[in-house]
Amino acid sequence: MTLKRQLKALGACTDAVEWVADRDLLTAWAECERGDWMLWLVGRMQGKEGWPNRQAIVLVACDCAELVLPIYEKRYPNDDRVRNCIAVTRQWASGEASIDDVRTARNAAAYAAATAAAADDAAAYAAAYAAYAAAAAAADDAYAAYAAYAAAAARLRTWKQCADICRNRLTIPDSVKVGA
């Protein structure tokens, strides 16, 4: 089965499926410039043989969120909720914080995002939401891709940076086995 068909079976977005065309997994992984797509895929495949575990995926989502942290901190220099959310999420991934700690930090980051949204500050909102999404990934693997997507909303070039982080930090098998 082609990668394109496998992605369709997994429920990938139409843009990702069309972009893949006739690429195999390793070629697509090497050429993709969308970290959100890459995190989505590893999130869907986590737990399957050869794919990264949730902690590795969450750490990469934190790396992506950190790319835009300076945007939030420049606009809100005295607000450490977003930075703290990323730090607590990293602690969870290394076994040093509970999922309840992550949820508390995630909720604080959500309030920070809401504050930025109320101020009509789209870039700061996206940066805060990226941290929220990274933390949410600790509890639900579907959110890992949103960390990269939200980070990219703050700065478009962030997608490629997130993709490079994925390639450098995550190891994948040479094929997708849907249902395996």
Side-chain angles (χ1 to χ4, degrees), residues 10-11 29 34-119 121-155 158-173:
L10 288 169
W29 189 260
R34 294 283 306 263
D36 57 328
W37 291 351
M38 297 165 83
L39 281 170
W40 177 87
L41 178 60
V42 295
R44 292 285 300 187
M45 299 304 292
Q46 75 92 32
K48 293 182 173 45
E49 187 177 340
W51 290 89
N53 65 22
R54 185 182 309 258
Q55 286 81 357
I57 296 165
V58 166
L59 288 172
V60 169
C62 287
D63 290 345
C64 290
E66 282 179 338
L67 291 172
V68 292
L69 183 59
I71 294 169
Y72 186 84
E73 291 181 334
K74 181 178 180 181
R75 295 205 170 86
Y76 301 96
N78 299 318
D79 186 347
D80 66 351
R81 294 176 292 181
V82 175
R83 178 175 291 279
N84 183 60
C85 179
I86 296 168
V88 170
T89 303
R90 284 187 181 286
Q91 290 169 346
W92 171 84
S94 64
E96 299 169 10
S98 71
I99 198 65
D100 287 335
D101 295 333
V102 172
R103 287 183 182 121
T104 299
R106 178 189 68 193
N107 291 341
Y111 287 121
T115 299
D121 192 343
Y125 166 80
Y129 186 75
Y132 167 86
D140 177 358
D141 56 21
Y143 276 92
Y146 292 118
Y149 184 80
R155 297 234 169 127
T158 306
W159 269 332
K160 175 141 179 24
Q161 291 173 306
C162 289
D164 290 340
I165 290 169
C166 288
R167 274 187 282 279
N168 291 329
R169 302 271 320 272
L170 298 171
T171 303
I172 62 165

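Since we're looking at a predicted model, the values are computed, not measured. As a basis for the values below, the full set of heavy atoms in this structure was taken, side chains included, without hydrogen atoms, waters or symmetry mates.
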| said: What's the separation between atom CE in Met45 and atom CG in Leu10, rounded to the nearest 0.5 Å? | reply: 6.0 Å

| task | Just do the side chain to side chain donor-acceptor pair (under 3.5 Å) check on Ser98 and Asp101 with the steps written out, would you? | result | CA-CA 5 Å; Ser98 71; Asp101 295 333; 3.2 Å; yes

| request: Taking all heavy atoms of Gln46 and all of Arg54, pick out the closest pair and write down the distance. | output: OE1-N, 3.2 Å

| task | Supply the atom-to-atom distance Ile57 CD1 to Cys62 SG, rounded to the nearest 0.5 angstrom. | result | 12.0 Å

| task | Any chance you could measure Asn84, atom CG, to Gln91, atom CD, to the nearest 0.5 Å? | result | 8.0 Å

| field | Chi angles and distances behind the side chain to side chain contact (heavy atoms under 4.5 Å, CB included) call for Ile165, Leu67 | value | CA-CA 10 Å; Ile165 290 169; Leu67 291 172; 4.0 Å; yes

| request: Provide the closest heavy-atom pair for Cys166 versus Trp29 in the form atom of the first, atom of the second, distance. | output: O-CZ2, 3.7 Å

| said: I'd like to know if Asp100 pairs up with Arg103 as an ion pair, taking the criterion as any Lys NZ or Arg NE/NH1/NH2 lying under 4.0 Å from an Asp or Glu carboxylate oxygen. | reply: yes

| said: Tell me whether the count of non-hydrogen atoms from other residues, nucleotides or ligands lying under 6.0 Å of CZ in Arg83 goes above 12. | reply: no

| task | Classify the side-chain pair Trp159/Asp36 by whether it contains a donor and acceptor separated by less than 3.5 Å. | result | yes

| note | Scanning both residues in full, the closest heavy-atom pair of Gly50 with Pro173 reads O-CD, 3.2 Å

| request: Give, for atom OH of Tyr76 and atom CD1 of Ile71, the distance between the pair rounded to the nearest 0.5 Å. | output: 12.5 Å

| query | What do the steps show when you test Trp51 against Leu41 for side chain to side chain contact (heavy atoms under 4.5 Å, CB included), and what is the final call? | reply | CA-CA 10 Å; Trp51 290 89; Leu41 178 60; 4.0 Å; yes

| said: Which heavy atom of Ala112 sits nearest to which heavy atom of Arg81, and what is that distance? | reply: CA-NH2, 3.4 Å

| note | CD of Glu73 to CG of Asp79, rounded to nearest 0.5 Å, is 9.0 Å

| In Å, rounded to the nearest 0.5 Å, how long is the span from CG of Leu39 to SG of Cys64? | 5.5 Å

| field | Pair Arg90 + Asp63, salt bridge at N-O below 4.0 Å | value | yes

